[in-house]
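A, B, ... follow the sequence lines: proteins, then strands. Residue 1 opens every chain. Heavy-atom basis, side chains included; hydrogens, waters and symmetry copies ignored.
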Amino acid sequence: MEPNTHPFILPQREILMLKLEKLTKVYPTGDKALTDVTLEIPSGQVVALIGPSGAGKSTLIRCINRLVSPTSGKAILDGTDLTALGAGGLRRERRRMGMIFQEYALVERLTVMENVLSGRLGYVGFWRSYFRKFPQKDVDEAFRLLDRVGLLAMADKRADELSGGQRQRVGIARALIQDPALLLVDEPTASLDPKTSRQIMRLICELCQERDLAAIINIHDVALAQMFVQRVIGLRFGVVQFDGPPEGLTPEVLTTIYGEEDWKETIQKVDEEDLQDDAS
Amino acid sequence: MSRSSTLHADARLEDLVGSKWQKPPFITSSLLRWSLTIGALVYFVVAISSLDVNWSRVSEGLDRGLQFFLGFVNPDFTSRAVDIKEGLIESVEMTIASTVVGIFISIPIGLGAARNIAPLPVYLVCRSIVAVSRALNEIIVAILLVAIFGFGPLAGFLTLSFATIGFLAKLLAEEIEDMDKVQAEAVRATGSRWTQWINYGVQPQIMPRLIGLSIYRLDINFRESAVLGLVGAGGIGATLNTAFDRYEFDTAAAILLIIIIVVMMLEYLSGIIRAKVQ
């Protein structure tokens with residue numbers, strides 16, 4: 001994989017990492033989950049994907065790493081059309097897309113370390129992974145990442161012994177050890193308390209900056225999204241309704257995304273929370 | 001006035017307050033509900049009364065039954081000790097060998113019989129194997145295999161292996177179908193191979209159940225080995241059969257007591273192991 005194969009040199013921040021072209025998903029039931037979603041995300045940009053339940057947020061990120069197969073359209077990661085890949089090619093490209101899940105999705109009966117190292121499965125052979133004999137550099141990187149997310153002491157604990165916030169940190173380490181170019185993050189804070197939610201969002205966004213990762217974060221909490229991301233995309237009924245900076249989320253815009261509601265309160269609350277956060 | 005069992009969309013609070021409430025019945029039509037209930041009762045009575053009991057034969061047999069129970073009061077472990085020992089060793093060998101072979105064969109079949117991980121053709125083949133194995137009772141398989149391989153523990157071993165496959169593969173497949181999809185999905189999203197996906201995403205989830213079921217099957221296979229001897233498939237059952245044929249009820253009682261003790265020990269052991277692997 002050579003990320004920099006463009007004919008002319010672009011500044012580091014401007015490399016086009018992900019491009020969706022008219023991505024459409026129609027479920028066998030006839031439900032149109034996504035309709036002609038077109039967007040571009042450069043490396044290093046963190047995008048929040050907001051919208052009501054059932055708007056297609058989860059389907060969108062699953063169509064990118066093809067846990068769900070899109071019906072039509074293209075998803076291009078760093079020049080490779082993901083929708084056209086066969087089984088082997090898909091496995092290779094999935095290594096470059098780290099995914100973080102709503103309910104953490106750690107394998108509960110494996111240890112923290114095994115969960116983190118499972119992020120390297122795409123890079124090692126079956127028997128190596130079967131006997132848990134990962135290359136030393138993978139093991140070192142796993143320790144480094146666990147240290148970075150503050151869980152080094154937990155390495156040999158079983159995943160089901162951890163609290164929600166700790167589990168999500170393991171989930172983040174598992175995604176990052178893949179050495180991804182893109183992070184797909186599905187409701188990372190939906191099962192967490194407000195304080196932990198902020199810590200997790202902050203951690204994800206910091207790591208994206210450190211590693212110059214593009215990221216799509218599905219999120220219900222509009223206020224939380226506005227605090228951390230540079231760009232917001234609003235989805236309703238599988239159609240992009242809004243794409244712009246978080247300041248652009250006016251009550252009118254939120255109404256087009258979510259429907260009629262008194263949005264002034266929400267937006268004011270964000271400002272107050274920000275002040276409180278700074279004060280604390 | 002009694003209202004119909006389900007609420008209408010235009011239900012008004014004033015009409016409902018003060019009215020009786022009860023859980024809507026499972027079968028809405030009261031005619032159907034009552035005819036099914038009465039029909040079932042009538043059938044039960046008719047079925048019981050159709051059993052023909054020959055009371056004079058029963059009174060004769062009671063004496064033989066008493067003899068048998070008296071054997072338990074004074075079981076004879078010693079006079080056939082060598083036969084009992086040989087039979088028991090043969091049974092244990094048969095049990096362990098058939099359980100191990102059965103487990104090894106049922107794991108791939110169980111994976112194939114789980115609809116959420118196997119493609120349809122594989123699924124159908126594996127489900128068919130499971131269905132055949134489960135449809136044929138051990139005794140019938142044993143009679144067939146004794147006819148092919150002759151008397152002795154080989155027929156018993158093959159019978160129990162065959163029965164283990166149906167039992168374990170089916171329950172394993174059901175466990176896989178009930179697994180947490182998201183954990184497995186997360187492993188797949190890392191770009192793992194299918195084999196790695198099974199090893200990391202699926203295996204940890206089903207391991208406690210696989211171990212529990214395997215020990216349970218070990219227990220079943222030992223009990224079955226006692227029955228299979230009655231049709232000539234070797235083991236402690238053959239010794240038991242000989243004892244019955246000679247009307248040596250005290251020896252038979254000793255054998256049955258040994259079987260009970262072994263099964264209880266296995267039960268105790270499986271409790272310990274299952275607690276460990278949770």
Item to check | Top contributor to chain B contacts, counting heavy-atom pairs under 4.5 Å, from A/Asn65, A/Ile100, A/Leu106 | outcome: A/Leu106

Item to check | Region of A/Arg128 that comes under 4.5 Å of a non-hydrogen atom in chain B | outcome: neither

Next on the checklist: Looking at B/Arg115, I'd like to know if its CZ atom is crowded, meaning that more than 12 non-hydrogen atoms belonging to other residues, nucleotides or ligands lie closer than 6.0 Å.
Outcome noted: yes

Checklist entry - Where on A/Arg66 is there a heavy atom nearer than 4.5 Å to chain B: the side chain, the backbone, both, or neither? => result neither

Item to check | Contact winner vs chain A - B/Ser192, B/Ala184, B/Gly191, heavy-atom pairs under 4.5 Å | outcome: B/Gly191

Checklist entry - In terms of heavy-atom pairs under 4.5 Å, which option from A/Arg95, A/Arg174, A/Glu108, A/Met99 contacts chain B the most? => result A/Glu108

Next on the checklist: Less than 4.0 angstrom from a charged side-chain N to a carboxylate O is my criterion; do B/Arg12 and B/Asp15 meet it?
Outcome noted: yes

Checklist entry - Of the backbone (N, CA, C, O) and the side chain (C-beta and beyond), which part of A/Arg120 lies under 4.5 Å from a heavy atom of chain B, both, or neither? => result neither

Checklist outcome for this item: Pair count under 4.5 Å, heavy atoms only, with chain A: among B/Val182, B/Asn199, B/Thr195, B/Thr190, highest is B/Thr190

Next on the checklist: Is the ring pair A/Tyr130/A/Trp127 parallel, tilted or perpendicular, if the boundaries are 30 and 60 degrees?
Outcome noted: perpendicular

Checklist entry - More than 12 foreign heavy atoms under 6.0 Å from CZ of B/Arg134: is that the case here? => result no

Checklist entry - Crowded around B/Tyr216 OH? As in, over 12 foreign heavy atoms under 6.0 Å? => result no

Item to check | A/Leu20 and A/Lys74: CA distance, side-chain angles, deciding distance, side-chain contact (heavy atoms from CB on, under 4.5 Å) verdict | outcome: CA-CA 6 Å; A/Leu20 304 184; A/Lys74 284 180 182 173; over 6 Å; no

Item to check | Which of A/Gly122, A/Ala175, A/Pro180 touches chain B most, by non-hydrogen pairs under 4.5 Å | outcome: A/Gly122

Item to check | Residue pair B/Leu136 / B/Phe162, side-chain heavy-atom distance below 4.5 Å | outcome: yes

Checklist outcome for this item: Cut-off 4.5 Å, heavy atoms of chain B, and the answer for A/Phe101 is side chain

Next on the checklist: Heavy-atom cut-off 4.5 Å, strictly under: side chain, backbone, both or neither for A/Gln178 against chain B?
Outcome noted: side chain

